[in-house]
Amino acid sequence: MRYLVLSDVHANLFALQAVLEHAQGRYDQIWFLGDVVGYGPHPNECIELLADLPGLGVAGNHDWAVLGKLELDYFNPVAAHVLEWTRGVLTSVHIRFLESLGEKIIPREHFTLVHGSPRHPIWEYVLNKVDAMFVLDYLTTRYCFLGHTHTPVIFQAASKPGMTCREIPLFGDSSTRTLTQESLLINPGSVGQPRDGDPRASYMILDDEQYTLEHFRVEYPIERTQKAMLDLDFPMPLIYRLSLGR
Ligand SMILES: [Fe+2]
(Lines give C-alpha, C1' and ligand atoms only; values in the text may rest on other atoms or scores of the structure.)
Protein backbone atom coordinates (compact mmCIF):
# COMPACT_ATOMS: atom_id res chain seq x y z
CA MET A 1 0.00 0.00 0.00
CA ARG A 2 1.18 3.54 -0.74
CA TYR A 3 0.23 6.41 1.53
CA LEU A 4 0.13 10.11 0.81
CA VAL A 5 1.33 11.58 4.11
CA LEU A 6 0.42 15.21 4.60
CA SER A 7 0.11 17.68 7.44
CA ASP A 8 -0.76 21.26 8.33
CA VAL A 9 -2.96 22.16 5.38
CA HIS A 10 -4.15 25.19 7.33
CA ALA A 11 -7.13 25.96 5.10
CA ASN A 12 -4.91 26.62 2.09
CA LEU A 13 -7.06 25.14 -0.68
CA PHE A 14 -4.76 25.97 -3.58
CA ALA A 15 -1.82 24.29 -1.88
CA LEU A 16 -3.90 21.20 -1.08
CA GLN A 17 -5.19 20.98 -4.65
CA ALA A 18 -1.65 21.24 -6.01
CA VAL A 19 -0.44 18.44 -3.75
CA LEU A 20 -3.35 16.14 -4.63
CA GLU A 21 -2.80 16.77 -8.32
CA HIS A 22 0.95 16.18 -8.05
CA ALA A 23 0.47 12.94 -6.09
CA GLN A 24 -2.34 11.64 -8.28
CA GLY A 25 -1.93 7.96 -9.19
CA ARG A 26 0.93 7.44 -6.76
CA TYR A 27 -0.98 6.63 -3.57
CA ASP A 28 -3.79 4.40 -2.31
CA GLN A 29 -4.70 6.14 0.93
CA ILE A 30 -4.07 9.35 2.82
CA TRP A 31 -2.57 9.69 6.27
CA PHE A 32 -3.32 13.19 7.50
CA LEU A 33 -1.44 14.57 10.51
CA GLY A 34 -3.68 17.41 11.67
CA ASP A 35 -4.31 21.14 11.41
CA VAL A 36 -6.58 21.18 8.39
CA VAL A 37 -7.87 24.57 9.58
CA GLY A 38 -6.38 27.78 10.99
CA TYR A 39 -4.34 30.56 9.32
CA GLY A 40 -5.95 30.09 5.89
CA PRO A 41 -9.10 31.27 4.09
CA HIS A 42 -10.70 27.98 2.94
CA PRO A 43 -11.42 25.71 5.95
CA ASN A 44 -14.71 24.25 4.66
CA GLU A 45 -13.31 23.57 1.20
CA CYS A 46 -10.20 21.85 2.56
CA ILE A 47 -12.18 19.63 4.93
CA GLU A 48 -14.52 18.72 2.09
CA LEU A 49 -11.63 17.66 -0.13
CA LEU A 50 -9.93 15.62 2.60
CA ALA A 51 -13.13 13.99 3.84
CA ASP A 52 -13.85 12.64 0.36
CA LEU A 53 -10.49 10.85 0.07
CA PRO A 54 -9.72 7.37 1.36
CA GLY A 55 -7.62 7.30 4.51
CA LEU A 56 -7.56 8.59 8.05
CA GLY A 57 -6.13 11.37 10.13
CA VAL A 58 -5.48 12.88 13.52
CA ALA A 59 -6.38 16.26 15.00
CA GLY A 60 -4.00 19.19 15.45
CA ASN A 61 -4.01 22.05 17.92
CA HIS A 62 -5.78 24.39 15.49
CA ASP A 63 -8.48 21.78 14.87
CA TRP A 64 -9.00 21.48 18.62
CA ALA A 65 -9.09 25.25 19.07
CA VAL A 66 -11.88 25.56 16.51
CA LEU A 67 -13.81 22.85 18.37
CA GLY A 68 -13.36 24.73 21.66
CA LYS A 69 -11.15 21.98 23.09
CA LEU A 70 -8.30 24.49 23.43
CA GLU A 71 -8.57 28.11 24.58
CA LEU A 72 -7.64 30.76 22.01
CA ASP A 73 -5.41 32.31 24.70
CA TYR A 74 -2.87 29.59 23.91
CA PHE A 75 -2.38 31.06 20.41
CA ASN A 76 -0.67 34.23 19.23
CA PRO A 77 -3.06 37.08 18.31
CA VAL A 78 -2.92 36.60 14.52
CA ALA A 79 -3.55 32.85 14.79
CA ALA A 80 -6.35 33.45 17.30
CA HIS A 81 -7.97 36.00 14.97
CA VAL A 82 -8.29 33.46 12.16
CA LEU A 83 -9.39 30.68 14.54
CA GLU A 84 -12.20 32.93 15.77
CA TRP A 85 -13.22 33.61 12.16
CA THR A 86 -13.01 29.88 11.35
CA ARG A 87 -15.34 29.04 14.25
CA GLY A 88 -17.90 31.35 12.68
CA VAL A 89 -17.79 29.95 9.14
CA LEU A 90 -17.40 26.17 9.58
CA THR A 91 -20.50 24.18 8.66
CA SER A 92 -21.88 21.61 11.10
CA VAL A 93 -20.89 18.77 8.76
CA HIS A 94 -17.32 19.97 8.71
CA ILE A 95 -17.26 20.45 12.48
CA ARG A 96 -18.29 16.80 12.78
CA PHE A 97 -15.37 15.83 10.56
CA LEU A 98 -12.96 17.61 12.92
CA GLU A 99 -14.62 15.92 15.90
CA SER A 100 -14.05 12.53 14.28
CA LEU A 101 -10.25 12.96 14.20
CA GLY A 102 -8.33 11.00 16.83
CA GLU A 103 -5.37 12.21 18.90
CA LYS A 104 -3.05 9.30 18.17
CA ILE A 105 -3.63 6.52 15.65
CA ILE A 106 -1.72 3.32 14.98
CA PRO A 107 -3.10 2.58 11.52
CA ARG A 108 -1.01 -0.54 11.02
CA GLU A 109 1.90 -2.39 12.61
CA HIS A 110 5.06 -0.27 13.05
CA PHE A 111 3.42 3.14 12.38
CA THR A 112 1.99 5.80 14.70
CA LEU A 113 0.34 9.03 13.51
CA VAL A 114 0.21 12.15 15.70
CA HIS A 115 0.18 15.88 15.15
CA GLY A 116 2.72 16.98 17.77
CA SER A 117 4.64 14.18 19.45
CA PRO A 118 4.13 10.65 20.78
CA ARG A 119 4.23 12.10 24.32
CA HIS A 120 1.75 14.97 23.83
CA PRO A 121 0.00 14.33 20.52
CA ILE A 122 -1.75 17.68 20.13
CA TRP A 123 0.64 20.31 21.42
CA GLU A 124 4.27 19.26 21.78
CA TYR A 125 6.77 20.45 19.15
CA VAL A 126 9.62 18.18 18.04
CA LEU A 127 11.96 20.85 16.75
CA ASN A 128 15.40 19.31 17.21
CA LYS A 129 17.42 16.26 18.22
CA VAL A 130 17.01 16.95 21.94
CA ASP A 131 13.22 17.11 21.66
CA ALA A 132 13.32 13.94 19.56
CA MET A 133 15.41 12.03 22.11
CA PHE A 134 12.93 12.78 24.89
CA VAL A 135 9.80 11.82 22.99
CA LEU A 136 11.20 8.68 21.33
CA ASP A 137 10.82 6.94 24.72
CA TYR A 138 7.05 7.36 24.40
CA LEU A 139 6.87 5.71 20.98
CA THR A 140 5.29 2.25 21.01
CA THR A 141 5.83 1.55 17.30
CA ARG A 142 9.03 1.67 15.27
CA TYR A 143 8.03 4.71 13.22
CA CYS A 144 6.02 7.83 13.91
CA PHE A 145 4.71 10.41 11.45
CA LEU A 146 4.16 13.83 12.97
CA GLY A 147 3.63 17.44 11.88
CA HIS A 148 3.10 20.68 13.84
CA THR A 149 6.50 22.32 13.22
CA HIS A 150 5.83 22.81 9.48
CA THR A 151 9.39 21.66 8.75
CA PRO A 152 10.19 18.47 6.83
CA VAL A 153 12.72 16.36 8.70
CA ILE A 154 13.53 12.86 9.91
CA PHE A 155 14.91 12.14 13.39
CA GLN A 156 16.57 8.75 13.63
CA ALA A 157 17.00 7.10 17.04
CA ALA A 158 20.54 6.30 18.19
CA SER A 159 21.71 2.93 16.93
CA LYS A 160 23.71 2.26 20.13
CA PRO A 161 23.26 3.26 23.79
CA GLY A 162 25.11 6.47 24.60
CA MET A 163 24.88 7.85 21.07
CA THR A 164 22.63 10.75 20.12
CA CYS A 165 19.92 10.56 17.52
CA ARG A 166 20.45 11.89 13.99
CA GLU A 167 18.63 14.77 12.37
CA ILE A 168 18.15 14.34 8.63
CA PRO A 169 16.84 17.48 6.90
CA LEU A 170 14.76 16.97 3.77
CA PHE A 171 14.74 19.12 0.67
CA GLY A 172 12.02 17.63 -1.50
CA ASP A 173 14.49 16.15 -3.96
CA SER A 174 12.11 13.23 -4.64
CA SER A 175 14.88 10.74 -3.87
CA THR A 176 13.73 7.43 -2.42
CA ARG A 177 14.87 6.65 1.13
CA THR A 178 14.59 3.25 2.72
CA LEU A 179 13.30 3.19 6.29
CA THR A 180 15.93 2.07 8.78
CA GLN A 181 15.66 -0.54 11.54
CA GLU A 182 16.09 2.28 14.07
CA SER A 183 13.03 4.21 15.24
CA LEU A 184 12.19 7.26 13.17
CA LEU A 185 10.18 10.41 13.77
CA ILE A 186 9.17 11.58 10.30
CA ASN A 187 7.73 15.01 9.55
CA PRO A 188 6.45 15.51 5.97
CA GLY A 189 6.44 19.31 6.34
CA SER A 190 3.43 21.51 5.78
CA VAL A 191 1.07 21.67 2.81
CA GLY A 192 -0.38 25.09 3.52
CA GLN A 193 2.17 27.05 5.53
CA PRO A 194 5.78 25.80 5.19
CA ARG A 195 8.26 27.34 7.65
CA ASP A 196 11.60 26.01 6.45
CA GLY A 197 12.29 28.85 4.04
CA ASP A 198 10.80 27.06 1.03
CA PRO A 199 7.27 28.35 0.30
CA ARG A 200 6.30 25.35 -1.83
CA ALA A 201 3.83 22.82 -0.42
CA SER A 202 5.48 19.78 1.16
CA TYR A 203 4.37 16.15 1.37
CA MET A 204 5.57 12.52 1.40
CA ILE A 205 4.69 9.19 -0.12
CA LEU A 206 5.25 6.07 2.00
CA ASP A 207 5.35 2.60 0.46
CA ASP A 208 4.80 0.22 3.38
CA GLU A 209 5.69 -2.89 1.39
CA GLN A 210 9.03 -1.60 0.10
CA TYR A 211 9.53 0.45 3.30
CA THR A 212 10.48 3.49 1.25
CA LEU A 213 9.75 7.16 1.62
CA GLU A 214 9.75 9.96 -0.93
CA HIS A 215 9.55 13.68 -0.14
CA PHE A 216 8.24 16.26 -2.59
CA ARG A 217 7.83 20.03 -2.85
CA VAL A 218 5.13 21.45 -5.10
CA GLU A 219 4.57 24.96 -6.43
CA TYR A 220 1.08 26.38 -6.02
CA PRO A 221 -0.48 29.79 -6.78
CA ILE A 222 0.45 31.46 -3.48
CA GLU A 223 -0.93 34.80 -4.67
CA ARG A 224 -4.43 33.30 -5.01
CA THR A 225 -4.40 32.21 -1.37
CA GLN A 226 -3.02 35.60 -0.36
CA LYS A 227 -5.75 37.41 -2.34
CA ALA A 228 -8.45 35.38 -0.54
CA MET A 229 -6.84 36.26 2.80
CA LEU A 230 -6.68 39.94 1.88
CA ASP A 231 -10.34 39.92 0.91
CA LEU A 232 -11.15 38.56 4.37
CA ASP A 233 -8.98 41.19 6.11
CA PHE A 234 -6.71 38.56 7.63
CA PRO A 235 -3.63 39.88 9.50
CA MET A 236 -0.85 40.94 7.09
CA PRO A 237 1.93 38.90 8.76
CA LEU A 238 0.03 35.72 7.91
CA ILE A 239 -0.31 36.82 4.31
CA TYR A 240 3.37 37.78 3.90
CA ARG A 241 4.76 34.64 5.46
CA LEU A 242 3.31 32.41 2.75
CA SER A 243 5.65 34.03 0.20
CA LEU A 244 8.64 33.55 2.48
CA GLY A 245 7.92 30.02 3.65
CA ARG A 246 8.64 31.22 7.20
FE1 LIG B 1 0.13 23.76 12.22
Side-chain angles (χ1 to χ4, degrees), residues 4-16 19 30-43 45-47 49-50 57-87 90 94 97-98 101-105 113-128 131 135 144-153 170 185-204 217-218 220 222 225 229 234-235 237-246:
L4 168 56
V5 187
L6 49 87
S7 190
D8 295 278
V9 170
H10 283 300
N12 189 336
L13 178 65
F14 302 121
L16 179 58
V19 163
I30 287 190
W31 284 352
F32 172 64
L33 308 175
D35 275 3
V36 60
V37 300
Y39 295 130
H42 297 122
E45 294 87 340
C46 288
I47 292 175
L49 252 188
L50 270 188
V58 292
N61 54 317
H62 285 251
D63 306 318
W64 267 29
V66 166
L67 295 174
K69 291 180 167 185
L70 278 178
E71 295 292 329
L72 294 187
D73 296 348
Y74 286 106
F75 294 82
N76 68 52
V78 291
H81 173 88
V82 179
L83 287 168
E84 189 86 64
W85 172 84
T86 305
R87 283 177 174 178
L90 265 197
H94 297 144
F97 174 83
L98 293 185
L101 299 171
E103 283 180 57
K104 183 192 284 189
I105 295 178
L113 311 182
V114 291
H115 180 63
S117 87
R119 177 165 59 179
H120 298 299
I122 299 293
W123 250 113
E124 186 169 38
Y125 289 93
V126 181
L127 291 162
N128 51 47
D131 296 341
V135 304
C144 178
F145 282 103
L146 44 75
H148 197 31
T149 65
H150 300 205
T151 299
V153 67
L170 300 169
L185 303 175
I186 306 163
N187 191 325
S190 168
V191 171
Q193 198 201 76
R195 292 181 189 160
D196 61 339
D198 183 342
R200 295 175 299 168
S202 182
Y203 76 95
M204 284 181 179
R217 300 306 285 252
V218 186
Y220 75 94
I222 295 173
T225 300
M229 294 166 84
F234 279 9
L238 287 184
I239 299 172
Y240 287 137
R241 75 184 303 177
L242 291 182
S243 302
L244 305 174
R246 290 283 180 204

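One-based numbering, in listed order, for ligands and for the atoms of each. Because the structure is predicted, anything quoted here is derived from the model rather than measured.
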K.L.:
The criterion is side-chain hydrogen bond (donor to acceptor under 3.5 Å, both in side chains); which residues satisfy it with D198, sequence neighbours excluded?
P.N.:
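Testing D198 for side-chain hydrogen bond (donor to acceptor under 3.5 Å, both in side chains), a comparison that skips the adjacent residues, returns R200.
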
K.L.:
Is there a donor in the side chain of S7 and an acceptor in the side chain of D35, or the other way round, less than 3.5 Å apart?
P.N.:
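Checked: S7/D35 side chains show no N/O donor-acceptor pair below 3.5 Å.
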
K.L.:
So what's near the Fe ion (ligand 1), protein N, O or S atoms under 2.8 Å?
P.N.:
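You should have found D8 OD1, H10 NE2, D35 OD2, H150 NE2.
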
K.L.:
When the aromatic ring centroids of F75 and W123 are compared, is their separation below 6.0 Å?
P.N.:
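Yes.
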
K.L.:
Would you call D131 and R119 a salt bridge, taking side-chain N to carboxylate O under 4.0 Å as the test?
P.N.:
no

K.L.:
Quick one: closest heavy-atom pair of S190 and D8, and the distance?
P.N.:
OG-O, 2.8 Å

K.L.:
Which pair of heavy atoms, one from E124 and one from V135, lies closest together, and at what distance?
P.N.:
OE1-CG1, 3.3 Å

